[in-house]
Number of protein chains: 2
Amino acid sequence: MYDRPVSSHTSRPAVSLAQRKRQLVSDELTEAALQLLAVKGFDAVTVDEIVAAAGVSKRTFFRYFASKEDVVVQFLADMGAGMRAELAARPAGERPSAALLHAVSGPLAACADHSDHAERALRVVQLILRTPALLARFLERQAQWREELTAELAHRLGLDPDSHLYPRLAAGTALTAFDAVLHRWSGSDGAEDPAELVGRAFAVIAPALDAVPEQ
Amino acid sequence: MYDRPVSSHTSRPAVSLAQRKRQLVSDELTEAALQLLAVKGFDAVTVDEIVAAAGVSKRTFFRYFASKEDVVVQFLADMGAGMRAELAARPAGERPSAALLHAVSGPLAACADHSDHAERALRVVQLILRTPALLARFLERQAQWREELTAELAHRLGLDPDSHLYPRLAAGTALTAFDAVLHRWSGSDGAEDPAELVGRAFAVIAPALDAVPEQ
DNA sequence: CCGTCGGTGGCACTTGGTGTCAACATGAGT
DNA sequence: ACTCATGTTGACACCAAGTGCCACCGACGG
């Protein structure tokens with residue numbers, strides 16, 4: 001997010017070396033973890049193996065990730081923030097279905113481009129979807145996204161999220177579409193285009209999203 | 001499900017004492033667990049405490065429940081099977097929105113009646129919704145329900161669940177409504193009527209459930 | 001009365017995860 | 001150059017969840 005703020009009287013970039021080191025360790029850890037997990041499966045890999053491969057102590061691992069699952073799920077965590085921001089940025093008059101479509105499309109677009117990052121994202125998604133422990137944590141995150149989308153949507157429409165079912169229903173339904181697309185994309189080994197899939201999904205659910213809210 | 005099968009030449013009911021003992025231990029365990037968890041919160045209670053209160057060994061606990069979370073979530077697990085069965089039992093010609101409404105209403109109806117069981121169900125739901133670890137496991141279960149509902153719905157409509165988004169979208173959307181109702185019911189301390197809430201929720205999402213599937 | 005079998009407890013063990021502390025690097029001020 | 005504050009790390013001890021193993025016991029059938 002921040003773009004190398006510069007301290008006022010030195011020429012060094014103020015992405016303070018310490019921060020770059022932190023990023024380095026984090027990358028090294030995720031790298032080692034993803035590589036091992038992809039090969040041996042989630043349950044067959046211990047944290048000790050991961051930290052051994054990354055060359056840090058177990059204690060350090062848990063300073064970077066809250067749990068063994070997190071090192072995988074974190075990879076997709078940006079999606080949540082991205083969706084909320086995208087929704088907040090949509091024009092106020094836009095129909096809910098269109099606004100939510102754009103909000104959900106953002107993160108999926110990152111999967112669409114066939115880059116290195118996208119290739120790994122596919123592996124990560126497949127790993128998550130077939131590993132119960134990872135799926136559980138992922139759904140937990142997604143529940144948070146749902147809360148955020150619900151709040152944003154309620155604010156957008158001037159509704160109280162506690163006295164109207166609509167915002168929660170709409171947010172949940174949009175995420176259901178997101179899930180369905182992810183599932184299908186993963187199942188087709190990335191062959192199908194997420195952008196096109198999400199379009200088809202929203203064609204189905206749009207009537208519900210744009211239904212007039214209960215009075 | 002089974003209704004006391006009787007062995008052919010004895011007068012004793014063949015719910016073999018052993019089975020009744022098993023049920024007894026299971027009940028004792030859930031009883032002790034729920035009581036402790038409700039008071040001290042999920043994280044502050046160890047399984048050692050639970051088994052001490054129930055008078056069995058820790059080893060036995062894990063013969064009955066796969067995890068500490070399970071002893072709570074199991075409580076709502078019947079809902080999943082109930083929904084699938086209910087959906088399968090609906091007449092073939094019924095519109096998806098109506099069939100899914102009935103499927104989802106079954107388990108919620110159990111909460112509606114203000115009995116002892118319902119009172120405890122409310123506590124359990126509230127505990128789950130405010131405890132991340134429990135929520136994660138609950139969502140994991142719900143993901144299984146979604147798979148089952150998806151399969152049942154696809155079968156019902158003669159669609160291939162892997163080449164059509166609709167079944168998964170419809171199942172997920174119905175469960176979203178279920179979640180929204182559960183959330184609201186829990187938030188109102190059981191004051192609001194689940195049956196009425198689920199009706200309102202389905203009024204919103206029905207247009208999507210009954211939309212004509214992609215060709 | 002005896003053998004089988006399912007359920008149980010006890011115990012050792014692995015693994016995820018945390019608290020604490022001492023060691024060390026960095027960076028700023030003097 | 002000295003020093004102090006801050007932040008990161010590794011080592012160690014520790015707790016709780018969960019599993020494998022085995023010996024034991026009570027119920028049931030012959």
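To find a chain, count down the sequence lines: A is the first, B the second, and so on, and within it residues start at 1. Computed from a predicted structure; not experimentally measured.
Between D:dT8, C:dT8, C:dC11, one nucleotide has an atom nearer to the side chain of A:Arg22 than all others, and that is D:dT8. Which of C:dG19, D:dA17, D:dT9 sits closest to the side chain of A:Tyr64 comes down to D:dT9. Comparing C:dG17, C:dG19, D:dG18 by their closest approach to the side chain of A:Arg59 singles out C:dG19. In this structure, of D:dG10, C:dT15, C:dG9, it is D:dG10 that holds the atom nearest to the side chain of A:Val56.
Among the protein residues, A:Phe61 comes within range of no part of the nucleic acid, since none of its heavy atoms lies under 4.0 Å from any strand. Nucleic acid contact for A:Val51: none, since no nucleic acid atom lies under 4.0 Å from a heavy atom of the residue. Counting any heavy atom pair closer than 4.0 Å across all strands shown, A:Arg63 reaches a base atom.
The side-chain contact (heavy atoms from CB on, under 4.5 Å) test with A:Val73 singles out one residue from A:Glu140, A:Arg141, A:Gln142, and that residue is A:Arg141.
Each of B:Lys58 and B:Val25 was assigned the nucleotide of DNA chain C with the nearest heavy atom; the assignment lying further toward the 5' end belongs to B:Val25. The residue among B:Lys21 and B:Lys68 whose nearest nucleotide of DNA chain D lies closer to the 5′ end is B:Lys68.
For the pair A:Glu28 CD and D:dT9 P, the computed distance is 13 Å after rounding to whole Å. Between the CD atom of B:Gln19 and the C1' atom of D:dC28 there is a distance of 14 Å, given to the nearest Å. Atom CZ in B:Phe65 sits roughly 21 Å away from atom P in D:dA16 (whole-Å rounding). When the P atom of D:dA16 is taken as reference, atom CG of B:Leu36 falls 14 Å away, rounded to whole Å. In this structure, CZ of A:Phe62 is placed 15 Å from P of D:dT9, rounded to the nearest angstrom. As rounded to whole Å, 11 Å separates atom C1' of D:dA16 from atom CZ of B:Phe42. When rounded to the nearest whole Å, the span between CD1 of A:Ile50 and C1' of C:dT15 equals 12 Å. Atom CG of B:Asp43 and atom C1' of C:dT18 are 13 Å apart (whole Å).
Side-chain contact annotation: B:Thr60 with B:Ser57, donor-acceptor N/O pair under 3.5 Å present.
Distances shorter than 4.0 Å separate some side-chain N or O of A:Thr60 from OP1 or OP2 on D:dG10.
The aromatic rings of B:Trp145 and B:Phe138 sit perpendicular, their planes meeting at an angle over 60°, well past the 30° parallel limit.
Under the 6.0 Å distance and 45° angle rule, B:Lys68 counts as a cation-pi partner of B:Phe42.
A ring-centre distance under 6.0 Å is not found for A:Phe178 and A:His183.
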